[in-house]
Structure formats: structure tokens, C-alpha cells
Amino acid sequence: MRSLSIFGATGSVGEQTVDLIRRAGGARAFRVKALTGGRNIARLAEMARELRAEVAVCAEPSGLAELRERLAGSGVEAAAGPEAIAEAADRPADWVMSAIVGAAGLVPGIRALRHGSVLALANKESLVTAGPLLMAEAAAHGARILPVDSEHSAIFQALVGEDIAAVERIILTASGGALRDWPLEALARATVTDALAHPNWAMGQRITIDSASMFNKALEVIETREFFGVAPEQIEVIIHPESLIHSMVGYRDGAIMAHLGAPDMRHSIGYALNWPDRSHLPVARLDLAQVATLTFRAPDEARYPALRLAREVMARRGLAGAAFNAAKEVALDRFLAGQIGFMDMASVVEATLEALDDAIGNGSTVMALEDVQSVDHLARVRAAERADIVARGRAGAG
Ligand code: NDP
């Protein structure tokens with residue numbers, strides 16, 4: 001019987017993973033080692049009971065008493081806190097879903113790789129902040145990383161049976177997010193509610209805002225570089241509002257392999273769960289005659305400065321990805337809190353990268369976890385300072 005763990009089980013990707021596991025037989029078909037969550041303790045306990053997990057872990061130590069109470073009599077162990085989440089990754093499992101949001105997903109992912117697990121990686125922030133480290137851990141321990149991001153799963157599938165050396169370019173598709181048709185000058189006034197109205201995908205709140213700003217696509221561009229090892233100039237982004245082509249690979253003979261499907265994350269999660277096989281998945285089938293038209297347009301970098309910043313990060317390499325991701329997380333928190341504007345997020349990130357120029361831009365691909373964590377911390381401090389300045393400016397102007 002295959003064993004598995006889900007980190008970030010209570011989130012959008014986590015719930016969809018649980019859905020697929022339930023459909024595949026749940027506790028009768030899989031030995032569930034660990035399920036982790038953040039604040040949603042009631043849901044975490046419910047899943048852990050249903051899937052008969054060995055241990056359920058919540059992120060906040062203050063949640064432990066409630067988790068214990070909800071699991072009383074179930075035989076599921078309860079634990080809490082970041083170290084307990086990392087320790088849960090030390091319970092060897094054949095398959096591990098990494099679906100915590102943000103930089104908090106990095107350490108459990110690394111710990112799972114050290115046990116030689118197949119790591120289904122939704123947490124793109126891990127590759128952006130510490131791609132070379134993650135790849136080195138996987139290689140050293142005979143572990144395998146499978147992409148879960150729909151774009152990277154699409155690329156991975158379009159590469160099956162092909163030689164990466166024959167790849168000329170990778171074309172990432174982007175929906176353009178909730179604000180793609182807004183006039184450029186109106187974007188500065190966009191609210192959280194505006195940015196959350198995603199046209200195609202139902203996702204967690206943070207990634208939906210990142211989709212509107214294309215910080216999500218910027219992370220994915222860097223993720224593509226780290227995952228597939230292609231040069232930055234081989235990576236293109238195209239807006240494809242229908243979100244039916246999930247990404248494409250262009251080969252040196254001019255052929256382009258595209259991956260199509262309904263916008264449903266259970267496709268790429270299911271592909272990673274069943275890999276290398278394909279099994280039936282409960283996703284809608286495309287009726288191309290009904291779809292009739294697929295449209296594309298080039299992204300405007302004035303509207304999406306995050307894409308330009310991603311190129312700068314790739315040019316710098318080293319710890320630039322860690323600084324970029326941390327600054328982006330702070331800027332997003334501040335936007336969600338109503339302290340800075342939608343377009344201010346990019347300016348906060350850009351200013352942070354400039355402020356940390358000496359600390360991050362050494363061009364090295366060798367990194368230690370401590371260095372990643374120290375730059376992450378530094379970038380959060382600098383980004384918070386910058387966001388305070390922007391927030392004061394807005395308050396003064398208002
Ligand atoms: P959600 O916000 O829906 O869920 C995040 C999960 O992480 C929840 O289980 C949450 O717990 C938990 N969590 C939050 N903070 C912490 C923390 N500090 N420590 C431990 N656990 C924490 O996110 P998504 O499911 O949308 O995204 C997860 C990852 O997958 C992200 O990296 C995202 O970029 C990526 N991804 C998501 C896609 C999607 O369609 N949603 C598509 C492709 C990639 P709780 O909810 O209990 O607080």
C-alpha cells in the first residue's frame with residue numbers, strides 16, 4: 001500500500017488532493033502518514049479522522065489544545081508548530097504533496113526529499129527561493145520532484161519522451177488575472193475585492209491576487225528556469241484568457257507541443273499522484289467545437305512589472321529569488337491589509353531587490369538553507385520598511 005503525506009492539506013490544492021485520494025479509495029487505498037494545516041483546525045481534524053492519518057499538525061502552537069480535543073479517541077496524533085511540521089516530513093512517505101503557501105513550505109519539502117520521497121510540488125516558492133538547493137537534495141537522495149503547478153505539469157507532460165536539449169523555448173500561458181482588461185491608469189486604485197475576481201481558476205486568496213499582478217507568473221517563470229534548467233531567454237509568457245492551453249514547449253524543428261484541458265487543478269495534482277501512469281480523473285472534458293476560439297496576446301510589462309523583475313532575478317541568480325519571494329509576500333500582506341495600492345506591490349519588491357543588491361547578486365547556484373533563510377529575513381525587514389514609507393505617502397496624499 002502506498003504511503004503519503006499532505007502538507008497544506010486544508011488549502012485549495014490540499015483539499016483537491018484529498019478529494020482525489022478519497023475517490024481513489026481513501027484510507028483503504030493509502031497509508032496516510034501526515035496531514036498538516038494552518039489555522040483551519042476543525043477541517044484538519046476532520047480530514048485526519050477520515051483518512052486515518054498517523055499525525056495531524058497545525059501551524060500555530062496555540063492551536064494544539066483544540067486539535068487534540070477534536071482528535072480525541074481517533075488514534076490520530078496531534079502536534080503543532082513549524083518544527084512539528086518539519087518533523088512530520090521525517091515520517092518517510094512514498095508520495096508527499098507540498099501545498100503549504102509561501103516560504104513556510106520550503107523546509108518540509110527539503111526534509112521529505114531527504115527520505116527519497118516523490119515530492120509533488122505545488123509550493124512554487126520553494127523552487128523560487130532555493131531551486132538549486134532543492135534539486136541538489138533530490139539528486140543526493142534519489143528523490144523525485146514532480147510539478148503540480150498546472151503550467152509546469154503541462155510542460156512536464158509535453159516533454160515526455162523528448163530530449164530537453166531539443167527544446168527551443170517554453171511558452172507559459174497566463175490568464176492575465178482579474179484586472180487584465182482594466183485601463184492601465186485604473187490599476188493603482190484596484191482593491192482586494194477587484195483583484196480576487198479571477199475569471200477562470202478557483203484558487204487560494206493569495207495566489208489569486210498574485211495572478212492579477214502576475215507576480216504568480218513571475219514566480220512561475222523562475223520556477224521554469226529552476227525546474228527544467230532552461231536559459232531565461234528561452235522562457236516566454238503569453239496571455240491566453242481562456243486558460244485552456246496550460247503551457248507549451250517549442251522544439252528546435254519548429255513544432256510546438258501544447259497541453260490542453262479544463263482549468264481544474266485536479267488534473268495536474270492527479271497526474272502527479274498517478275505518475276508515471278494515467279488514471280481516470282474527475283475533470284470536465286473539453287468540447288473543442290464548443291470552445292471554437294482560443295485567443296492570445298502579448299503581456300504588457302507596464303501593466304505587469306513583476307515579469308520584468310523576474311528577468312532581473314534570473315539574471316542575478318544566487319539568493320535573488322529568496323529576496324524576491326519574501327518581498328513579494330510582505331507586499332501582498334500589505335496590499336491585503338489595505339495599506340498599499342495594487343501597483344505599489346511591484347515598487348516595494350523592486351526597492352527591496354535594490355536595497356539588498358550586495359547580499360543577493362553573486363550569481364552563484366550553490367546555496368545553504370541558512371543563507372536562504374537569512375536573505376528571506378532581511379528582505380522581509382527591508383520590504384516592510386519600504387511598504388511603511390509607501391503607506392505613509394498614501395495616507396499623506398489621502
Ligand atoms: P491556500 O492558501 O488555499 O492553502 C495554503 C495551505 O497552507 C493551507 O493548508 C494553510 O492552512 C497552510 N498554511 C498557511 N500558512 C502556513 C504556515 N505558515 N505554515 C504551515 N501551513 C500554512 O493556498 P493554495 O492551495 O492556493 O496554494 C498552495 C501552494 O500551491 C502555493 O504555493 C501556491 O502558489 C501553489 N499553487 C496553487 C494553485 C491553486 O490552484 N490554488 C495552483 C498552482 C500552485 P489553513 O488554510 O488551515 O490556514
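Keep in mind the model is a prediction, meaning the values are calculated, not measured. Start at 1 and go down the list; that is how both ligands and their atoms are numbered. All heavy atoms count here, side chains included; hydrogens, waters and symmetry mates do not.
The salt bridge (Lys or Arg N to Asp or Glu O under 4.0 Å) with Glu137 is formed by just one residue from the set Arg144, Arg111, Arg114; it is Arg114.
Between the side chains of Thr191 and Asp194, at least one donor-acceptor pair of N or O atoms lies under 3.5 Å. With hydrogens and angles left out, the side-chain atoms of His259 and His267 include a donor and acceptor closer than 3.5 Å. Donor-acceptor pairing under 3.5 Å is recorded for the side chains of Gln157 and Arg278. Under 3.5 Å, the side chains of Ser3 and Asp94 contain a donor-acceptor pair of N or O atoms. Side-chain atoms of Lys124 and Asn325 form no donor-acceptor pair, as typed in the model, at a separation below 3.5 Å.
Taking the six-membered ring for Trp, Phe215 and Phe324 have ring centres closer than 6.0 Å. Ring centroid separation for the pair His152 and Phe227 does not come in under the 6.0 Å cut-off.
The atoms of ligand 1 that sit less than 4.0 Å from any heavy atom of Asn40 are 45 (P), 47 (O), 48 (O). In summary, the atoms of ligand 1 found under 4.0 Å from a heavy atom of Ala104, numbered by their order in the structure, are 17 (C), 18 (N), 19 (N). Close contacts between ligand 1 and Met265 involve ligand atoms 40 (O), 42 (C), 43 (C) [criterion: under 4.0 Å to a heavy atom]. Taking every non-hydrogen atom of Asn123 and a distance limit under 4.0 Å, the qualifying atoms of ligand 1 come out as 32 (O). In summary, the atoms of ligand 1 found under 4.0 Å from a heavy atom of Met203, numbered by their order in the structure, are 39 (C), 40 (O), 41 (N). When each atom of ligand 1 is checked for a heavy atom of Ile85 under 4.0 Å away, the hits are 20 (C).
Taking only nitrogen or oxygen atoms, main chain and side chain alike, Gln205 does not reach within less than 3.5 Å of ligand 1. For the pair Gln16 and ligand 1, the shortest N or O to N or O distance does not fall below 3.5 Å. Taking only nitrogen or oxygen atoms, main chain and side chain alike, Gly38 reaches within less than 3.5 Å of ligand 1. Remark: ligand 1 and Gly204 share an N or O pair separated by less than 3.5 Å (distance only, no angle test). Between Gly8 and ligand 1, an N or O atom pair is found at a separation short of 3.5 Å. Looking at ligand 1, you'll find an N or O of Val13 within less than 3.5 Å of one of its N or O atoms. Inclusion of Arg39 in the set of residues having an N or O under 3.5 Å from an N or O of ligand 1 is warranted.
The protein atom (non-hydrogen) at minimum distance from atom 34 (O) of ligand 1 is Lys124 CE, 3.2 Å. In terms of protein heavy-atom proximity, atom 4 (O) of ligand 1 is closest to Gly11 CA, 3.1 Å. Protein heavy atom in closest approach to atom 6 (C) of ligand 1: Ala99 O, 3.6 Å. The nearest protein atom to atom 43 (C) of ligand 1, hydrogens excluded, is given as Asp149 OD1, 2.8 Å; this is a heavy-atom distance. At the top of the distance list for atom 33 (C) of ligand 1, counting protein heavy atoms only, stands Ile207 CD1, 3.8 Å. Atom 19 (N) of ligand 1 has Ala59 CB, 3.6 Å as its closest protein atom, hydrogens excluded (heavy atom only).
Of the heavy atoms in Ala122, both backbone and side-chain atoms come closer than 4.0 Å to ligand 1. Residue contacts with ligand 1 for Ser12 involve both N, CA, C or O and side-chain atoms from C-beta outward (heavy atoms, distance under 4.0 Å). Of all the heavy atoms of Ile100, the ones lying under 4.0 Å from any atom of ligand 1 are found in both the backbone and the side chain. Contact annotation for Val148 and ligand 1: no heavy atom of the residue comes within less than 4.0 Å of the ligand. The side chain of Glu125, and not its backbone, has at least one atom closer than 4.0 Å to an atom of ligand 1 (non-hydrogen atoms only; side chain from C-beta on).
Proximity of a side-chain donor or acceptor of Gln16 to a complementary backbone N or O of Ser12 within less than 3.5 Å is detected. The backbone N or O of Asp287 lies less than 3.5 Å from no partner atom in the side chain of Gln290, so there is not a single donor-acceptor pair. Judged purely by atom type and a 3.5 angstrom limit, Ser175 has no side-chain atom pairing as donor or acceptor with the backbone of Pro241.
In this structure, Arg206 falls outside the shell of residues with a heavy atom less than 4.0 angstrom from ligand 1.
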Practice task
Carefully, step by step, assess Ile85 and Ile100 under the rule side-chain contact (heavy atoms from CB on, under 4.5 Å).
Solution key: CA-CA 10 Å; Ile85 291 182; Ile100 290 176; 4.1 Å; yes

Exercise for the section: Could you walk me through whether Arg23 and Arg266 pass the side-chain contact (heavy atoms from CB on, under 4.5 Å) test, one step at a time? Expected result: CA-CA 12 Å; Arg23 288 167 191 265; Arg266 289 177 306 175; 3.4 Å; yes

Handout entry: Derivation and outcome, side-chain contact (heavy atoms from CB on, under 4.5 Å), residues Met265 and Ser150
Key = CA-CA 7 Å; Met265 279 302 293; Ser150 61; 4.1 Å; yes

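Among Leu121, Ile269, Val101, the residue whose heavy atom lies nearest to atom 23 (O) of ligand 1 is Val101.
Two residues are said to be in side-chain contact when any heavy atoms from C-beta on lie closer than 4.5 Å; Met1 and Arg28 fail this criterion.
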